Amino acid sequence: MTRLRPSHRIAPRALPALRPHRPHRPHRPHRPFHHLSLAVSASLCGLAALATPQAARAQQAADPLPLHHAPTATHAAITPGDLETRLYLYADDSMAGRRAGTPSDLEATAYIAAEFKRVGLVPAGDSGTFFQNIPLVTYASDTTAALTVGGRALHFGTDYVPLGRRSPRSIDGVQVVYGGRLCDSAAARLSEGQAAGKMVLYTLGPGGAAEQMACMRAGDRGALPKSTGIIIPGLQLLPPPFLASVRRPQTVLERPGEETTPGPMVLLVSPEAVPALFPGSLDSAQVGAPGATIEQGPRFTRTPAPARNVIAILPGSDPRLKGEYVALGAHNDHIGVNPIAVDHDSIRAYNEALHALGAVDPFSEVDPARRAAIHINVDSLHHIRPARRDSINNGADDDGSGTVALLEIAENLAATKHHPRRSILFVSHTGEELGLFGSEYFTDHPTVPRDSIVAQLNMDMIGRGDSADIAGGGPAYLQLVGSRRLSTELGDIVEAVNKTEAQPFRFDYQYDANGHPENIYCRSDHYEYARFGIPIVFFTTGQHFDYHQVTDEPEYIDYQHLAHVTSFVRDVALRVANLDHRPLVDHPKPDPHGVCRQ
Ligand SMILES: [Zn+2]
C-alpha cells in the first residue's frame with residue numbers, strides 16, 4: 001500500500017507537498033520479542049504511564065517465527081506452509097526491498113513469471129511474454145552542480161534546492177525579477193508581461209515555510225504562467241528530512257507527452273543567496289524590479305528505470321465467456337533500501353509503543369507530547385540480544401503477502417480439472433509504492449480488452465490483522481474496501497461467498513467510509529481499475545506498526561490467516577468467474593483522469 005498522500009492522481013506540480021518523505025524520528029531504543037516484555041516493561045517509564053488496552057494486547061501477541069525458513073516444494077492446495085515457503089524467499093534480504101526501477105524488483109518479477117510458467121498459465125504481457133514493460137525514469141538533481149549568478153557560485157543543499165525535478169525549464173541566461181511578497185494580496189502584482197521568461201523572486205511574508213508553500217499551492221501564483229519559474233528564499237525553513245528527500249532520486253512514470261513539456265523551475269534558496277540573485281535592496285524594491293541574470297541553473301539527470309508488470313491468464317472453460325476476465329492483483333514492488341540502517345528491535349519497540357498510543361501505522365499523527373513520552377530501555381533489549389542493524393525494507397506483508405497469495409491461487413486453479421467459465425487474469429503490478437504506476441499503465445494500456453475485465457480483486461497487505469496489529473483484529477478479521485462502490489452486486493457476492501465458508505470472516509468496512517482520513521480506496525492498485533468503471537474489491541488485513549519499516553519481515557506474518565484470506569479470494573474469484581452475467585455496475589463511474597475521492 002502506498003503512503004497516505006493528498007491524492008495520487010494530482011500530477012506533480014511546481015510545488016510538491018511540503019511533507020517529508022519519512023517523518024523525522026530520532027533513533028529510538030527497542031524491545032525485541034513479545035516474550036521479553038516483562039523483562040523490559042519495568043523500565044518503560046514513560047510508556048508504562050501511558051499503557052492502554054491496545055498496549056496490553058500488543059504485549060500478548062504471539063512470538064515471531066524463526067528468522068530463516070527451509071523451503072519445501074509447494075502443492076496445489078493453498079496452505080500456510082506453501083505461503084511461508086514462498087514469502088521467506090520473496091521477502092528475503094537478497095531481494096533488496098524490490099524497489100520499482102531497480103534490479104531487485106526485476107528479480108522479483110522474474111520469480112513470479114517463472115512460477116506462472118511452471119504452473120502452466122498462459123503469458124499475457126508484451127509480445128507473448130509474461131512481462132509488460134513500464135516506462136519508468138529516474139530523475140536526480142546533480143548535487144555537485146553549482147548555480148552561478150553574477151559570477152558567484154551557489155551550492156546545492158546549502159544555497160539552493162530545486163523542487164519538482166521532472167523536466168523543469170532551463171534557467172540558464174534567465175533574468176530574475178522581483179515578484180513581491182508571497183501571498184500578499186494587498187501588494188502590487190507582477191504583470192504577465194513583467195514575468196514572461198523571467199525567474200520571479202518572492203520574499204517571505206509572515207509565517208513559516210509550510211504556510212508560504214500552502215499559499216503558493218492555493219493558487220496565488222501571480223503572473224506565473226508565462227514565467228520560467230519562481231524563487232522562494234525559504235530553504236532555511238525546510239525540515240531536514242524534506243531536504244534529504246529532495247536529494248534523493250525520484251522514479252516516475254513517464255506518461256506520453258509529459259517529457260516534452262518542461263514545467264516551471266521552482267527554487268528554494270537561503271537568505272544568504274538572495275543578494276547574488278537580486279543585488280539591490282529588496283526592502284525598497286518595486287514589484288517588477290530587475291535582478292541578476294542566472295548564468296547556469298541547476299542540472300538534472302534522467303535515467304530509464306526498467307520495471308515490469310507480470311501478467312498471465314488461466315483460460316476459462318466456457319467458449320462464450322472465456323473472452324471475459326476476473327482480474328486478480330497484488331503488487332510486486334516495495335520501497336527498497338533505506339540510506340541509514342536502524343536497530344531492528346529498537347525501531348520495532350518504538351513503533352509498537354506508538355501503535356499503543358493509537359497510531360494506525362508509524363506515520364500516523366501522534367500528539368508530540370505523548371510521542372516524546374515514549375521511553376524504551378535499549379540496554380535491556382541488548383542485554384537479551386545484540387542489536388541487529390537493518391536497512392532493507394523486505395515488505396513481507398506489503399505486498400509480499402498479496403504476491404504469494406496470487407501465486408498460490410495460480411498454482412491451485414491451474415491444477416484443477418474444471419476451469420471456471422470466465423478466464424482469470426493474474427496481474428502482478430510494479431511501481432505501486434511509487435504512485436500506482438504499474439496498475440495505471442496496465443489499465444491505460446491493457447493487454448486484454450479493458451471492457452472484458454468484469455471485476456478486479458486486489459490483495460495488498462493480507463498477512464497480519466491480529467488483535468496486536470489492529471483494533472478488532474483476530475483470526476477472522478478482514479477489511480473490505482470499495483466492494484460496493486461501483487457494483488452493489490459484487491459487494492453482495494463477497495458477503496454470500498463468505499456465508500458458505502467453513503470459517504467465515506468478520507468484515508471490517510469502517511475504512512471504506514466516504515471521506516475516511518486514511519483514504520485507503522485511493523491507495524492501492526484497485527483504484528486504477530475502478531477509475532474505468534471496473535468493479536473492484538480491495539482485500540486487506542489492514543495497517544500495523546511494521547508498515548513501511550525494515551521490520552515488515554516474514555517472521556511476523558500470520559500464515560494461517562494469510563492462507564484463510566487467500567482461499568477466500570480464490571473462492572470469490574471463482575464465484576464471479578462462473579456467474580452467467582457480469583456483476584452489474586449500478587453506481588456512477590468516476591472520471592478516469594480525475595482525482596480519486598473516497
Ligand atoms: Zn506499501
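Residues: numbered from 1 along the sequence shown. Only a predicted model underlies this, so the values are computations on that prediction, with no experimental measurement involved. Every number for a ligand or one of its atoms is a count from 1 in the order of the listing.
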Which residues pass the salt bridge (Lys or Arg N to Asp or Glu O under 4.0 Å) test with Glu411, sequence neighbours left out?
Arg86, Arg118
Give the ring-plane orientation class for Tyr111 versus Tyr90, where under 30° counts as parallel, over 60° as perpendicular and anything between as tilted.
tilted
Can you name the salt bridge (Lys or Arg N to Asp or Glu O under 4.0 Å) partners of Glu553, sequence neighbours left out?
none
Tyr547 near the Zn ion (ligand 1): N/O/S under 2.8 Å
no
The Zn ion (ligand 1) contact by His331, N, O or S atom under 2.8 Å:
no
Report yes or no: does Asp398 have an N/O/S atom closer than 2.8 Å to the Zn ion (ligand 1)?
yes
Where does the angle between the aromatic ring planes of Phe507 and Tyr509 fall among parallel (under 30°), tilted (30 to 60°) and perpendicular (over 60°)?
perpendicular
Taking 2.8 Å as the cut-off, does an N/O/S atom of Glu433 lie below it from the Zn ion (ligand 1)?
yes
